[in-house]
Number of protein chains: 2
Amino acid sequence: MQIVPIGQAARLSGVKVTTIRFYEERGLLPKATRSEGNRRHYGPDDIARLQFIRHSRNLGFGLEDITALLSLSDKPDQDCAAVDAIAKAQMAKVDRRIEQLATLRAELARMVSACTHGTVADCGVIACLADHGLCQSDHAAAPAQTVMGD
Amino acid sequence: MQIVPIGQAARLSGVKVTTIRFYEERGLLPKATRSEGNRRHYGPDDIARLQFIRHSRNLGFGLEDITALLSLSDKPDQDCAAVDAIAKAQMAKVDRRIEQLATLRAELARMVSACTHGTVADCGVIACLADHGLCQSDHAAAPAQTVMGD
DNA sequence: CTACATCCTACAGCGACTAGAGGAGCAAGC
DNA sequence: GCTTGCTCCTCTAGTCGCTGTAGGATGTAG
């Protein structure tokens, strides 16, 4: 397994074929060398890089952060403070989100428990959605688009 | 405040002007009536509907779910089981995400604590990202795109 | 009458892919 | 040699829930 085509690289790294091509286009991977028939070749270093990316994605890092982390990992003599900063920022982001989701969960639970299992007219869930005054928490303070997404 | 233009509807409902137009296009709101000068008009019902949507969005519901909830709330005589199901599914979704994020957070914390504050070459963070074997948890089992996103 | 705010449409962009069309290359079996 | 079927190629468009911009029309206050 010295040099492999994209499909095998995908299997070895756990990154899908289309995603590998996407990463190349985005500059996270160097442009792959090609065979005579115009097919991409990958070596062990490329596989390692793909695994690095995949692992970072699994930890929730964005592609921009990953680009920074990759370029830092290519310069082993540098101070690793920048690495630390990126990781800590990511942790803070995750913390914030967990907090938001916990508030959300509490409100959803309260809402669901207000369901009378009767008709929609008496439904506590609908009533709560229709009138924020019926909520106890101030979850609505968070901008909607940041609640579930990035 | 009987009938108002879009800007005031936005202020009253907490939904941005552009977002209101977007919701109309998506069918979450009926097509607004227009003035002679082609401007949208909104009445109290429209404002209430917008508040319902905003509140639901704040609770993390997707637009598809909200469309369903709205159409259910328009039929007050129906059984509210469907409402309950949507709310419970949302709660389960939030639960799953909280769990994932907790795992993530733990792994990130472990990683950050492995930072030697020296050079990148010795950095525990980079080492961990490069080699998933250095991780204790199996967070990598989750598909990347679902970890932080919806 | 002139600023200025508000409104209109239409389209491009975000992040991180995913899916599909339409075609070419390649190995194995007949 | 030929067909079958898999892998690979490029390119485009779609996902979600908006946001931002361009370029114009309308409405109102001084």
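To find a chain, count down the sequence lines: A is the first, B the second, and so on, and within it residues start at 1.
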Position toward the 5' end of DNA chain C (nearest nucleotide), A:Thr18 or A:Glu36: A:Thr18
Rounded distance in Å - CZ (B:Arg26) to C1' (D:dT19): 14 Å
Chi angles and distances behind the side chain to side chain contact (heavy atoms under 4.5 Å, CB included) call for A:Ser35, A:His41: CA-CA 7 Å; A:Ser35 74; A:His41 284 325; 3.6 Å; yes
Euclidean distance, A:Ile53 CD1 relative to A:Ile20 CD1, rounded to 0.5 Å: 9.0 Å
Shortest non-hydrogen contact from B:Gln51 toward B:Leu12: NE2-O, 3.2 Å
Phosphate-side-chain proximity, A:Thr19 and C:dT18, N/O vs OP1/OP2 below 4.0 Å: yes
Stepwise side chain to side chain contact (heavy atoms under 4.5 Å, CB included) test for B:Asp77 and A:Thr119: CA-CA 6 Å; B:Asp77 295 335; A:Thr119 64; 5.7 Å; no
Check ion pair B:Asp45-B:Arg49 (N to O, under 4.0 angstrom): no
Selected nucleotide, minimal atom distance to B:Lys16 side chain, candidates D:dG17, D:dT19, C:dA16: D:dT19
Protein-to-nucleotide contact annotation, 5' to 3' order, nucleotides 6-14 of chain C [B base; S sugar-phosphate only; - none; under 4.0 Å, heavy atom]: BBSB-----
Atom-to-atom span, CD of A:Glu25 to C1' of C:dC17 - whole angstrom: 11 Å
Phosphate contact (C:dA16 OP1 or OP2) by A:Tyr23 side-chain N/O below 4.0 Å: no
B:Asp65 CG - D:dG17 P separation (whole Å): 9 Å
Ion pair A:Arg96/A:Glu99, N-O distance below 4.0 Å: no
